[in-house]
Amino acid sequence: MTTPETETHTPTSAAAPPVYIDQLAAHVGTTVTLHGWLYNLRSSGKLLFPQLRDGTGVVQCVVFKKNVSEAVWDALKHLGQESALIVRGSVRADERAPGGFEIDVLDAEVVQAVEGYPITLKEHGTEFLMDHRHLWLRSRRQHAILKVRHTVIRAVRDFLDNDGFTLADAPILTPAACEGTTTLFEVDYFEDEKAYLTQSGQLYNEATAAAFGKVYCFGPTFRAERSKTRRHLTEFWMVEPEMAYATLDDVMNLCERFISYIAARVLDERKEELKVLERDTSKLEAIVPPFPRLHYDDAVKLLHEGHTRGELENRFEWGGDFGAPDETYISQQFDRPVMVHRYPAAVKAFYMKRDPERDELALGVDVLASEGYGEVIGGGERATSLEYLEAQIKAEELPRESFEWYLDLRRYGSVPHAGFGMGIERCTAWMCGIEHVRETIPFPRMLYRLRP
RNA sequence: UGUGGUCUAGCUUAACUGGCAGAGCAUCUGAUUGUUAAUCAGAACGGUUUCGGUUCGACUCCGAAGACCACAGCCA
């Protein structure tokens with residue numbers, strides 16, 4: 001029943017400030033106006049339970065027939081899912097309501113009545129949902145995932161900004177590859193020259209690091225890999241910090257603090273969302289320094305033991321890069337992320353510095369996320385020698401002209417420097433504990449997905 | 001690109017060894033003063049992704065194409 005308090009309000013009362021659903025706790029006992037969309041509607045005779053969604057949350061409203069005009073009652077009675085709706089009512093704490101608060105509706109205005117919204121609260125397949133991605137974003141789970149993404153990105157920026165890094169973004173249109181040439185998107189625009197969408201801001205970071213000391217770039221990255229796995233997107237967002245006068249060890253220390261900070265922020269700011277996602281938060285609480293540091297040789301040993309025990313199908317050969325099952329096996333041996341360092345130079349990018357102790361190794365590090373989420377970070381120390389890089393560019397058959405500016409960095413004040421790149425979507429999927437990276441970006445672009 | 005799998009109503013799906021395509025949700029109509037992906041009653045909705053074949057008869061078997069999914073390689 002209505003409380004005496006709410007009955008003192010008349011429908012024409014002016015004191016009904018607009019508020020957002022996540023602010024309702026501060027307005028208990030007062031009359032407010034909510035602007036949103038109908039999430040779901042249940043009825044029980046002279047009683048309606050419209051659930052209203054406004055982008056900040058979902059709240060259950062209660063409409064008693066005797067509390068509203070006949071016109072309002074009739075308008076609400078048959079309202080379809082996702083109808084646009086403005087509701088005025090009093091806020092009441094109620095244990096029976098999901099979320100803890102309820103709105104006793106005094107008045108409502110239907111902005112648009114909707115019929116036949118395609119996404120119901122029941123089960124749907126991924127293909128159908130992806131075809132309706134523009135609407136799917138409204139559902140509770142997607143909302144939670146993208147809120148976590150938002151927090152991951154804020155944490156990334158806050159961490160680096162507070163740690164003395166300067167944002168210096170790299171260009172998206174580039175004249176040449178930084179890594180493999182086979183995975184580049186070509187852009188036909190510049191006269192007499194082909195351009196490509198960036199695969200990494202890495203090389204440009206090395207220039208800005210020499211100007212600012214500690215820098216990062218953060219933007220979209222494009223890889224025309226013909227891969228369609230739960231860990232790959234064609235277009236994804238990557239943050240890449242780079243530090244002058246820094247070594248592989250400095251990078252590993254940074255990775256550790258960086259990822260731990262992100263996990264802590266997500267745990268702190270996204271409790272509700274993690275609950276919606278049914279995330280086992282103990283897995284995130286375990287992400288604290290120090291992370292195990294595993295030499296490539298020792299990682300290979302670990303894989304051999306796994307194979308001997310029959311836990312890995314194929315015996316890993318020293319010299320290769322780890323496959324997905326290998327990464328999963330390695331990360332399963334630890335309760336937190338693992339940093340594997342000093343890979344064979346042959347499988348790493350041309351700009352990696354060689355290990356002075358063992359020339360066949362590169363001073364690179366991959367951070368393998370726990371729970372089989374795979375490589376979230378790849379990085380390392382960069383080569384400083386002009387002669388070495390000239391030889392590498394030749395060996396990789398890269399167009400020398402396009403790299404002259406890069407070689408200048410080795411001619412004028414070349415110092416040890418190091419950095420890494422982290423994929424935002426892989427990190428977000430890991431934080432959320434979800435199967436596939438495609439849900440961690442508003443509009444995923446994949447091998448067979450360009451729309452919507 | 002390779003290997004394996006799936007495709008039935010708007011959605012999620014059932015249909016035995018080849019024998020009348022069946023349900024739930026959504027939609028529409030009504031009931032219900034505390035519903036929680038509400039419930040109850042009623043109505044309407046498909047000829048099985050496409051093309052070809054075998055058969056008295058094909059959702060079911062065969063061939064091809066398409067779409068999608070998983071895994072692998074590659075990477076963040």
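Order of the sequence lines sets the chain letters (A, B, ...), proteins ahead of strands, with each chain counted from 1.
Atom CZ of A:Phe49 is separated from atom C1' of B:rU32 by 11 Å (rounded to the nearest Å). A straight line from CG of A:Leu48 to C1' of B:rA31 spans 14 Å, rounded to a whole angstrom. In this structure, A:Arg230 atom CZ and B:rC68 atom C1' are separated by 17 Å, rounded to whole Å. Atom-to-atom, OH of A:Tyr448 to C1' of B:rC69 comes out at 12 Å; the value is rounded to the nearest Å.
For A:Thr120 against B:rU12, no side-chain N or O and base N or O form a donor-acceptor pair under 3.5 Å.
Sorted by first and then second residue, the salt bridge (Lys or Arg N to Asp or Glu O under 4.0 Å) pairs with a member in residues 368-381 of chain A read A:Arg279-A:Glu371; sequence neighbours excluded. Legend: salt bridge (Lys or Arg N to Asp or Glu O under 4.0 Å) pairs involving residues 422-438 of chain A, not counting sequence neighbours, sorted by first then second residue: A:Arg149-A:Glu425, A:Arg230-A:Glu435. Among residue pairs with one or both ends in residues 337-353 of chain A, those qualifying as salt bridge (Lys or Arg N to Asp or Glu O under 4.0 Å) are A:Arg342-A:Asp355, A:Lys348-A:Asp366; sequence neighbours excluded.
Taken together, the paired segments of RNA chain B that extend over three or more consecutive Watson-Crick or G-U pairs, each closer than 3.5 Å at both contacts, are B:1-7 with B:66-72, B:10-13 with B:22-25, B:27-31 with B:39-43, B:49-53 with B:61-65.
Within residues 329-337 of chain A, no residue has any heavy atom under 4.0 Å from RNA chain B. For the segment residues 418-435 of chain A, the set of residues with a heavy atom within less than 4.0 Å of an atom of RNA chain B comprises A:Gly421, A:Arg426, in numerical order. Annotation: proximity of residues 126-141 of chain A to RNA chain B (heavy atom, distance under 4.0 Å) is found for A:Glu127, A:Phe128, numbered in ascending order. Remark: nothing in residues 69-83 of chain A comes within less than 4.0 Å of RNA chain B through any heavy atom.
Contacts of A:Thr56 classified as side-chain contact (heavy atoms from CB on, under 4.5 Å), with partners at least two apart in sequence or in another chain: A:Tyr20, A:Ile21, A:Asp22, A:Asp54. Not a single salt bridge (charged side-chain N to carboxylate O under 4.0 Å, His left out) links A:Lys147 to another residue, sequence neighbours left out. In this structure, the ring pair (Phe, Tyr, Trp, His ring centres under 6.0 Å) partners of A:His132, at least two apart in sequence or on a different chain, are A:Phe128. Partners of A:Phe218 under the ring pair (Phe, Tyr, Trp, His ring centres under 6.0 Å) rule, at least two apart in sequence or in another chain, are A:Trp237.
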